[in-house]
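Report on the structure given below.
In what follows, chains are A, B, ... by sequence order, proteins preceding strands, each numbered from 1. FYI, side chains are in, hydrogens and waters are out, and symmetry mates aren't considered; it's all heavy atoms of this structure.
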Amino acid sequence: MDSAGKPADFSNALEFFVSAEALSRFKPDASIARDEDPALQGDAIFGRTDRGFHVFADFRMTTSGTHAVERLQVGYELAPDTLVWLGRFQQPASAWNDASDHGQYLQTSITRPYIERWEDDEGLIPQHIAGALVESRRALGPTHGVEFSLGLGAGAALSSTGLQPIQIVGQNDGTHRLAAGARLAFLPQYLGADRIALLWAHDEFEIHDAAMQLGLQATRAGLDVAGAQVDVSLRAWHFLGAAYFLQVRYSGFGAAVTERFNAGYWQVERSLPHALTAFGRIEPSSNTQRSRWVQAIGGDDDWAYRRDSIGMRWDFARRQALTVEVSRSDTSLARLRELRLQWSAALP
Amino acid sequence: MERRAAVRYAWLIRATLTAVLGGAAFAQGHDTVVLVVGAKSDVTALSSVEVRKLFMGLTVMSGGRALHALRNDSDPRLDQIFLQNIVSMSDVTYERQVLGLALRQGREPPPTVHSEKALLRVLAYDPAAVSFAWSADVAGNADVKVIRVLWHE
């Protein structure tokens, strides 16, 4: 900022997160309906802070057809670092959203873990809530800190194409039900990047689509998520992981039925000379192959019950990175191998 | 015998370099980094935690007003001291932290000034702005208030 300064009582933020990706599949099987990653994607982030009031918007565009207001929030800072928001926001019980959200540049790997996928990408857990969100970060003694987030409102509806969060622009079918999510994080250093967190979410659904009713054998469902997150750095090493325990209760078609399955991921990163970062990630799960929820929401044969990835990222210039990632995914029908190359940046 | 001579030469080279570089730093007064605000600012004190919070993009209030951090990279060595001693993070980690806050809450990452002239201009204009500078660069400047020493060689 070499020009004249800004007025004292407000500040504006305008950031663009953009990425371009190329994907190659080894031994592609034409019989498997495999989703394509968007070749180009971008998020425009606008924020304004004025005398404790915050306005925040996130507009997303991709070459696979997404043009959406992902988040629109209006908030007030009750005390320093304690905010109350109203609007559509990301549910706080996601470890990946907390770390990198939509910003491809902010995540070391190219791919999001399967269990953290967005609703429009056949994600299993609703990632957006329209309602109220409280976020707070407090010191805990002279060194440590604690971070707390609680969101409550209308969650995703369940349609023939999967989970559908409330749209800010466009039509909603009126079947959105209660959703809640929370994260409680211990920060080993109050102002550091490390955190160890407990995650919790609850979502309720009414199922009106006949095919979905048949697939799930229910007209109502309740999803409970409990999880834990670890995000710590040790010298040149960075460990990032989350484990989610999911329980779905089905009712409306005879006796109520409950199913449980687990999914998670563990990612290790190592900083190397010349601004390089090597990374590897495993994404194990259990009971997902027998889950009605995974079969119905995961959609086609795309959902992998296990994926292993390795890759390398090179940070160059200012806020730009090139990343290469190789992965092996086990789906219900086949083992898939993929190679991705990505350029990502945060602008300006 | 030859090894002893080589060791003596290495020591002499090190001593000469230290004297030259140290002398240059001393001549320029670039051995102390101070926290600065504009002369009209009502900020009188900030703790180490508050300074770090401020430059991490979090809210720090003073006199009922939110303060604005201003990163000063007019000198590469000053920016290095900022990363190592004020926010205690690598450049990449710091960028990710402040960009992450922008992405999660729409908070503006601390803007950067690239020259001493620009720094003085912003401090004079914005009484909520807080930055850092070499002590020698702001000594005797009536438009700038020094709040505290952040780093000393």
Verify side-chain contact (heavy atoms from CB on, under 4.5 Å) between A/L191 and B/L58, making sure each step is shown before the conclusion.
-> CA-CA 9 Å; A/L191 295 172; B/L58 297 169; 3.6 Å; yes
Contact origin within A/A193 toward chain B - heavy atom pairs under 4.5 Å = both
What closest approach, in Å, do B/G106 and A/A13 show between heavy atoms, and which atom pair accounts for it?
-> O-CB, 3.4 Å
Here the pair of heavy atoms bringing B/R107 nearest to A/D81 is NH2-OD1, 3.7 Å
Quick one: closest heavy-atom pair of B/T59 and A/E77, and the distance?
-> OG1-OE2, 2.6 Å
Any chance you could lay out the side-chain contact (heavy atoms from CB on, under 4.5 Å) test for B/R104 and A/E135, step after step, and finish with the verdict?
-> CA-CA 11 Å; B/R104 283 195 302 276; A/E135 293 181 306; 5.7 Å; no
Checking B/V87 against chain A: side chain, backbone, both or neither under 4.5 Å from a heavy atom?
-> neither
A/Y190 versus chain B, heavy atoms under 4.5 Å apart: side chain, backbone, both or neither?
-> side chain
With respect to chain B, which residue among A/H54, A/R319, A/Q73 yields the maximal number of heavy-atom pairs within a distance under 4.5 Å?
-> A/R319
Residues passing the ring-ring contact (aromatic ring centres under 6.0 Å, His included) test with A/F239, sequence neighbours excluded, are none
Might you point out which heavy atoms bring B/L99 and A/A346 nearest each other, and give the distance in Å?
-> CD1-CB, 3.8 Å
So what's closer than 4.5 Å to chain B heavy atoms on A/L83: side chain, backbone, both or neither?
-> side chain
Residue from B/E95, B/M61, B/K53, B/Q97 scoring the most non-hydrogen pairs under 4.5 Å with chain A is B/K53
Who pairs with A/F59 by ring-ring contact (aromatic ring centres under 6.0 Å, His included), at least two apart in sequence or on another chain?
-> none
So what's closer than 4.5 Å to chain B heavy atoms on A/T108: side chain, backbone, both or neither?
-> both
So does A/M61 have more than 12 non-hydrogen atoms from other groups sitting under 6.0 Å from CE?
-> no
Might you work through the side-chain contact (heavy atoms from CB on, under 4.5 Å) test for B/L103 and A/E15, ending with a clear yes or no?
-> CA-CA 8 Å; B/L103 195 63; A/E15 301 283 344; over 6 Å; no
